[in-house]
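Order of appearance sets the numbers: ligands from 1, and atoms from 1 within every ligand.
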Amino acid sequence: MSERPLRLIQVGAGGMGRAWLAAIGADPEVELVGLIDLDTAVAESAAGAAGFGGVPIATAVSELLAAGVAADAVVNVTVPRAHHPVNTAVLAAGLPVLCEKPLADSVAECLSMVAAAEQSGELLMVSQSRRYWRAVGALRRQLAALGPIASASCQFSKAPHFGGFRAEMPYPLLVDMAIHQFDLARHLIGREPTAVFARSYNPSWSWYAGDASAAVIFEFGDGVTFTYDGSWCTPGLETSWNGAWRFGAARGSAVWDGDNVPQAETDDGMAVPGDLPDVPEQIAGSLAEFADAVRSRAAGEAVTPNGEVHTNVLSVAMVEAAVRSAETGVRVELATIIEDAYAKALDDERNPAVRAVLASWTSVQEVVGLV
Ligand SMILES: NC(=O)c1ccc[n+]([C@@H]2O[C@H](COP(=O)([O-])OP(=O)(O)OC[C@H]3O[C@@H](n4cnc5c(N)ncnc54)[C@H](O)[C@@H]3O)[C@@H](O)[C@H]2O)c1
């Protein structure tokens with residue numbers, strides 16, 4: 001690919017869509033060539049507010065491509081239930097996609113998208129924006145100096161009054177929020193989750209219909225334990241939106257309050273400095289990694305960016321496993337979640353070419369990196 005900016009069509013112009021328009025506008029490596037929303041008035045208004053007045057607008061990517069708009073990739077900022085139809089249509093049209101988290105509402109739909117990406121040969125990457133905090137980069141380097149990790153914990157305490165769909169859903173904290181910390185745990189621990197026990201509950205004063213609090217214990221590979229203690233209805237002394245973290249390792253410990261530079265100390269009392277890397281943060285970080293990956297792959301390099309679809313499935317599976325454990329009161333293995341989802345994905349798949357890819361897998365657990 002030449003050195004010109006990567007030409008992007010963005011799908012979804014709601015609340016988060018506006019943040020993505022700002023990120024695209026601020027990155028000279030990319031260029032907005034189209035904006036899609038089911039509601040074109042919403043798209044017109046968001047485009048104008050972001051300084052993109054005059055950009056082509058439509059209700060589907062296929063309309064812009066048919067009209068001759070030349071694009072290199074798509075950014076999908078629609079609601080989770082629209083991720084599967086939008087992503088699979090774009091992949092089938094031969095374009096790579098950067099999709100907002102969560103990849104889907106179910107692991108079965110995630111597996112369908114893994115197969116669709118394989119079938120198309122195009123990159124599908126999920127933007128897990130919390131991986132791109134500079135402090136997370138610093139913490140990963142500090143942890144590497146502390147030897148093998150045994151324990152990781154995240155305390156998450158907030159008290160937002162969102163209203164809307166979050167006030168009505170059965171597991172608002174686990175389904176709408178915890179994926180951020182679950183995915184971050186994988187990134188920081190550097191191993192994969194194998195099983196979970198979860199207790200989900202709703203305090204008597206909660207303003208949510210569903211459970212706004214949860215205590216969750218994950219088992220990870222090599223015996224690492226990750227404990228998540230979260231709530232969306234605990235006013236006072238709130239934590240960062242990233243949560244407050246602690247790690248216990250063979251040669252020391254590390255703590256991160258979620259906002260400032262992490263602290264780490266070795267067993268002989270020496271501080272391990274947390275040097276913040278000079279890199280773009282949050283969605284600007286995932287956009288930069290996606291643009292690099294698209295260019296590298298076009299040049300024939302086999303790069304696997306953070307959030308590449310195969311590698312993201314286990315983050316969605318952690319949510320599904322925690323919900324199943326909360327519902328049943330028993331420990332749930334991630335392997336069970338993945339195998340059950342695979343059976344459902346095979347049953348549900350309506351695209352014969354994608355179904356053939358699904359059926360060709362000899363081990364779905366290998367496909368998603370569980371074994
Ligand atoms: N990274 C973060 O911290 C973060 C924060 C908020 C939201 N999000 C994620 O961003 C995504 C969007 O959230 P939001 O808050 O902007 O939602 P929203 O409801 O405000 O906006 C979604 C927009 O997508 C449009 N849309 C829905 N289906 C479509 C389709 N099939 N084709 C075209 N347009 C379609 C809707 O008309 C709407 O304008 C979600 O996946 C959400 O989880 C991430």
G15-ligand 1 polar pair, N/O distance under 3.5 Å
yes

Please say whether S129 places an N or O atom under 3.5 Å from an N or O atom belonging to ligand 1.
->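 Yes, S129 has an N/O under 3.5 Å of an N/O on ligand 1.
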
- Message: Tell me whether the rings of W232 and Y208 are parallel (<30°), tilted (30 to 60°) or perpendicular (>60°).
- Response: parallel

Give me the ring orientation class for F226 and F220: parallel if the planes are under 30° apart, tilted from 30 to 60°, perpendicular past 60°.
->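 F226 vs F220 ring planes: perpendicular.
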
inquiry  = For R297 and E122: C-alpha separation, side-chain torsions, deciding distance, then whether side chain to side chain contact (heavy atoms under 4.5 Å, CB included) applies.
reply    = CA-CA 9 Å; R297 288 163 75 111; E122 298 295 340; over 6 Å; no

Can you get from M125 to L111 by hopping between Ile, Leu, Val, Met, Phe, Trp and Tyr side chains that sit under 4.5 Å apart? no

Tell me: protein heavy atom nearest [atom], and distance?
atom: atom 11 (C) of ligand 1; answer: T78 O, 3.3 Å
atom: atom 27 (C) of ligand 1; answer: V79 CG2, 3.9 Å
atom: atom 41 (O) of ligand 1; answer: K101 O, 2.9 Å
atom: atom 8 (N) of ligand 1; answer: M16 CG, 3.7 Å

Looking at Q282, E100, H180, M177, the heavy atom closest to atom 3 (O) of ligand 1 belongs to H180

Note to self: Measuring from atom 36 (C) of ligand 1, which candidate in D37, V11, L38 has the nearest non-hydrogen atom?
What the structure shows: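 Among D37, V11, L38, the closest heavy atom to atom 36 (C) of ligand 1 comes from D37.
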
Considering only heavy atoms, does I283 approach ligand 1 within less than 4.0 Å through its side chain, its backbone, both, or neither?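 The answer is neither.
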
Note to self: Regarding D72 and R7, does a basic nitrogen lie under 4.0 Å from an acidic carboxylate oxygen?
What the structure shows: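 Judged by the 4.0 Å cut-off on N to carboxylate O distance, D72 and R7 do form a salt bridge.
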
Atoms of ligand 1, numbered as shown, that sit under 4.0 Å from any heavy atom of [X]:
X: G12; result: 24 (O)
X: H83; result: 41 (O)
X: G14; result: 16 (O), 20 (O), 21 (O), 23 (C), 39 (O)
X: P102; result: 43 (O)
X: P80; result: 40 (C), 41 (O)

dist T362:OG1 -> Q365:CD (nearest 0.5 Å) comes out at 11.5 Å

Notebook entry, point to check: Does NZ or CZ of R199 come closer than 6.0 Å to the centre of the six-membered ring of F197, within 45° of the ring's axis?
Noted result: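 Because its charged atom misses either the 6.0 Å distance or the 45° angle limit, R199 does not stack over F197.
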
* Ring centers of Y228, F182 separated by less than 6.0 Å -> yes

*W256 ring center near F247 ring center (under 6.0 Å)*: no

